[in-house]
Amino acid sequence: MHVRVRWVLTLTLVLLSASSVWAQSNEDALFISVPNPLTSSGVDRITNLVTARRNTEGRGVRYVVFDFNPDGKPAITTKPDACNALAKFIRNLPGAQTIAFVHGKVSGHTVLPVLACKELVMSQDASLGEIASEGVESLTRDDVLAYELRFERPSHFAIVQKMYDKDVVLGRGVKNENGNLIDWYVDMRPEKLAELKKAGIQGKPAVVPFAQDGQPGLFTAEQCARLGLSKATVESNPDLMVMRRNVADLYGLSPASVRDDILGGRTPEAYRYTLKGDVEPSMRAALGRVLKEVKRKKGNLLFLNIDCSGGDLGTARSIADDLIEAQQGDDPVLVVGFVAEKTPDTGTVIAFGCSDIVMSKRKDAWTDDQQDQAEIGDFVDMLIKGGQPGEAEAYRKSLKELVEQRGYPGILVDGMFDKEMEIIRAVGEAERTRRKLMTRDEFEQANKDYEEAVKVGNPDRKIRWAFDKSVKAKGQYLKLNATQAADLGVARFTVDNRDPNAVFALYGVESEKVREATPGWLDRFAEFIQLPVVTVLLVVLAFTGLILEMKVPGLTVPGIIAALCFILVFWAHSRFSGEVFMLALLLFILGLALIGLEIFVLPGFGAPGIMGILLMFGGLALVTLERVPETGAEWGMLGVKVSQYMLAGIASFIFAFAIARFLPRVPYANRMMLAPPTEGGDDGESALPGASEAAGLLGAVGTTNTPLRPAGVVRFADKFVDVVSDGGFVPAGSRVQVVSVEGTRIVVKEV
C-alpha cells in the first residue's frame, strides 16, 4: 500500500513538473523570412535555421511560418531549382505545421514552396499565381512533376495548372470520394472533356468566372479563399509586425515568435552584461560600447540582466532602440533580457527592446501566491503621480510604438497607463485557436457586428468571439508578473529561480562558455567622469583654474588644470551626446571668446560677459544630453543642469579667491606666483592711486615688470600699473608705450 502511494505521489510530481516546464515556454512557432529571389544559399540558410531550432533542447517548434514577402515587395524567382529544394524540405519537415504567409504578390517559381506548405494565410491585398510569366524559365516535365509531388492535392491541381498554362479553362466539378461529394477542379478544354468522365467527375463542371482565358492564373486573397487554397485572410497593414501578430493570433501562437530568428542557425557565441541602477545617459553609452565589443569579437548572443529602474524614460527608449539596431544588419546579435526581480518603468522599456524576455518565478509559482515573481510594467511612481502634464501621454505613445514594433499587442501599454480600461482575452467561438486581446467595449462591439453581418447574410469577414479570461480589471494599472507575461506571450520563457545559468541552458549554452562583456579601462574611465558628481567637480576645478589664471598673472598651473578639466568633461560626454556634441562645443567656445573680449578689449562688464558666461554654462549642460531638448520635461532637465553649473561657477569664484589669498602663505606653492610690487618700498615705488591718473599716462614710456599675456604690470618711473598689450605676448623687461586709455583700461605697445 505504501509503495502504491509513493508511486502515485511520484507520478503527480512528475506531471506537475512537466506542466511547469510546458508553461515556461511559449516557443511554439518560428517565423522565417524567405529571401527574394530565392537562391541555393537562401535555402541553405533556411534549412540550417529550422533544423538548429528544432534540435535545440527546450525550444521545440510546432509551427513554422514562412513569410514570402518580408520586405513588403512582390516575390518572384525565375529559376526553379532553389524553389524546388525549399519545397522538398518543407514537405518533408516532420512533426511541424508549415504555414505560408503571403502579404504581397507571389509569382514565378516562388509559388512552389508556397504550395508545399500545409496551410496558406494571405493578407487582403495579396495575390498568388502567374508561375509562367515574362522572364521566368519555361517549365519542363520534371518541373511539372515537382509541382505535383509538392502540392499533394489532386482535387485542386488544375488551379496550379492554370497558373503556369494560360490555355487551361478552369472549372469546378463534383467528385465522389469514399461516399463524400467534394469539389474537384478540372481543365474544361474540349480535348480534356473525355478525361473528366474517366476521372469520375459528376455532371458538367461550372467554369470558374475569375480565371481569365488566355492568361496564366493570378488569384487574389479572396479568390484563393473561394478556391479553397487558403485557410484564412488577415487584414492588410503597412506594419509587418501587426500582420504577423494577426497570423499568430489565428493559430494561438506567442507574440514573441513573430520576429525572425536572429541566430539563423549560427553556433551561439555568448556574452553577459548587467544593467543596474538608474537609467542615465552614461548607462546607454556603456551598453553601446558593450554591443560594439561583442560584435567586434564575433559574438551573436548577449544575455542582458535587467536590474534597473528609475532615471530617464527617454534614455530608456533610446537604449531599447540601440538594442533593436544591434539585432539587425549583417552580424545581428540575439539579445535576451533576463528580468529576475520587479523591474518597473525604465527597466520595462529596455526589456521590450530585447529579442526575447525571460522572467523569474519561484518554484511554487503555480499556486495562488505569486508575490515573489519578477514583474514588469509599473509606471505609476514615475509618471502617473509625479509627471508633468502631457508627459505620461507622450511616453505612452512612445512605448506603444516600441511594443507594436516588436510584435506585442499595443493594448498592453494602454493598460499600463489607463487605470479605467478593462482588458480581456477573447477566443474565436468557432475557431478556438484564434485569440485576441481587446477591451470589454471592443469585445461587445465585435459580436454586435457579427450579428449584423449574419442578418444580411455576409458573415465571412466577421468573427463571433467568446470570453476567455480577464487580463486587467477596471480601477488598476496593468502590471505583469512572470506567469501572466508568459501566458500573454510577452515573456518567451520563465525560469524557476533567479540564477542566470538557468537562462543560458534555455538557449543551449553552457554557463562556463558565457563570457563577461566588460568595457575597457578607457571606457570605464569615461563612465566615471560621466557621473554627475564627478562632472560637477571637474567643472568647479576648471572654473577655479580659469579665474586664478586671469586674477594672478604668471600662475600657469591653474590654466593648465582648467584646460584639462574642460577637455575631460567634453571628451567623456561626447561618447554618448551624439548630435548635440558639436553644438555644445561651439557654444562653449563662443562663450569663452565673449568673456575674453569683455576682459581684454571692452571696458567694464556688460552684455558680452554675461552672454559668454551663459553660453559656457549652456554648452556644458547641453553636452551632457544625448539630443536637443524637445519636450517640456527635456527642457526642464536642461534648465536643471544649467543651474547646477551656475552654482558650480559661484563655488569656483569663492574657491579661487580663497586660493589667491592664502596661496602666497603656503610654502613651496607660493613659488609658482610672481611677487607683487610693494606699495612704497625702499626705492620709493608706489602703486597708481586711482583711475583719475590713468589718462595722464597717455604716451608715457615704461618697462614691463611682468610678461604681458596680454595683461601684466608695467613700471612707469616709481609707479607699477596694470595694463594690457595691444597685441600678443610681451616679455618682461621690454620697453612699452601707452597708446590708449579707456577708463581704467590702459593699452600699451612694445617700442
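Numbers here are sequence positions counted from 1.
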Which value, rounded to the nearest 0.5 Å, describes the distance between L334 atom CG and C354 atom SG? 9.5 Å
Nearest-0.5 Å distance that lies between atom CD1 in I376 and atom CG in L478: 9.0 Å
So do the side chains of F716 and T703 get within less than 4.5 Å of each other, counting heavy atoms only? no
Which residues share a side-chain contact (heavy atoms from CB on, under 4.5 Å) with L240, sequence neighbours left out: D67, H103, R244
If you look at every heavy atom in V349 and A320, which pair is closest and at what distance? O-CB, 3.7 Å
Please give me the minimum heavy-atom distance between A517 and V294, naming the atom from each residue. CB-CG2, 4.1 Å
Hey, could you give me the CG/CG distance between N300 and D331, rounded to the nearest 0.5 Å? 9.0 Å
Which residues pass the salt bridge (charged side-chain N to carboxylate O under 4.0 Å, His left out) test with R735, not counting sequence neighbours? none
With rounding to the nearest 0.5 Å, note down the distance linking CG in L302 to CZ in R515. 12.0 Å
Would you say E325 has more than 12 foreign heavy atoms packed within less than 6.0 Å of its CD? no
Any idea which heavy atoms bring S33 and P70 closest together, and the distance? OG-CB, 3.5 Å
Sequence neighbours left out, what passes side chain to side chain donor-acceptor pair (under 3.5 Å) with Q327? Give chain and number order. S355, R406
Looking at K342 and D378, is there a salt bridge between them, counting it only when a charged N and a carboxylate O are closer than 4.0 Å? no
Would you indicate whether the side-chain heavy atoms of K298 and E269 approach each other to under 4.5 Å? no
Using a 4.5 Å cut-off on heavy atoms from C-beta on, say whether the side chain of V736 contacts that of V723. no
Kindly state each residue pair satisfying ring pair (Phe, Tyr, Trp, His ring centres under 6.0 Å) with at least one member in residues 299-318, sequence neighbours excluded. F303-F504, F303-Y507
Neighbour count >12 (heavy atoms, 6.0 Å) for atom CE, M241: yes
All pairs passing ring pair (Phe, Tyr, Trp, His ring centres under 6.0 Å) where residues 335-358 contributes a residue, at least two apart: F352-Y408
By ring-ring contact (aromatic ring centres under 6.0 Å, His included) - contacts of F566 (at least two apart): F543, F588
Salt bridge or not for E293 and K297, using N-O below 4.0 Å? yes
Do the side chains of L313 and S398 get nearer than 4.5 Å, heavy atoms only? no
Would M616 and L594 count as a side-chain contact (heavy atoms from CB on, under 4.5 Å) here? Give the steps. CA-CA 10 Å; M616 289 183 68; L594 288 175; over 6 Å; no
Test F379 against every option in Y395, F417, Y477 by the ring-ring contact (aromatic ring centres under 6.0 Å, His included) rule and name the one that passes. F417
Is there a side-chain contact (heavy atoms from CB on, under 4.5 Å) between R272 and E516? Walk through the geometry before answering. CA-CA 5 Å; R272 61 188 295 179; E516 289 286 345; 3.3 Å; yes
If every non-hydrogen atom of V279 is compared with every non-hydrogen atom of I350, which pair is closest and at what distance? CG2-CD1, 4.0 Å
Let me see the working for V748 and V730 under side-chain contact (heavy atoms from CB on, under 4.5 Å), right down to the final yes or no. CA-CA 10 Å; V748 301; V730 178; over 6 Å; no
Single hit among V738, N705, I746 for side-chain contact (heavy atoms from CB on, under 4.5 Å) with V721: I746
Flag the pair V339 / V358 as yes when at least one side-chain heavy-atom distance between them is below 4.5 Å, and no otherwise. no
Heavy-atom nearest pair, L399 first then R317, reads N-NH1, 4.5 Å
May I ask you to test the E280-T315 pair for a side-chain heavy-atom distance under 4.5 Å? no
Just wondering, do R396 and M416 contact through their side chains at under 4.5 Å, heavy atoms? no
When you compare the side chain of V335 with that of I262, does any pair of heavy atoms fall below 4.5 Å? no
What distance separates L615 CG from L620 CG, expressed to the nearest 0.5 Å? 11.0 Å
Under the side-chain contact (heavy atoms from CB on, under 4.5 Å) criterion, do I324 and Q405 qualify, and how do the steps go? CA-CA 10 Å; I324 294 172; Q405 178 185 355; 3.9 Å; yes
S652 and V539: which non-hydrogen atoms are nearest, and at how many Å? OG-O, 4.1 Å
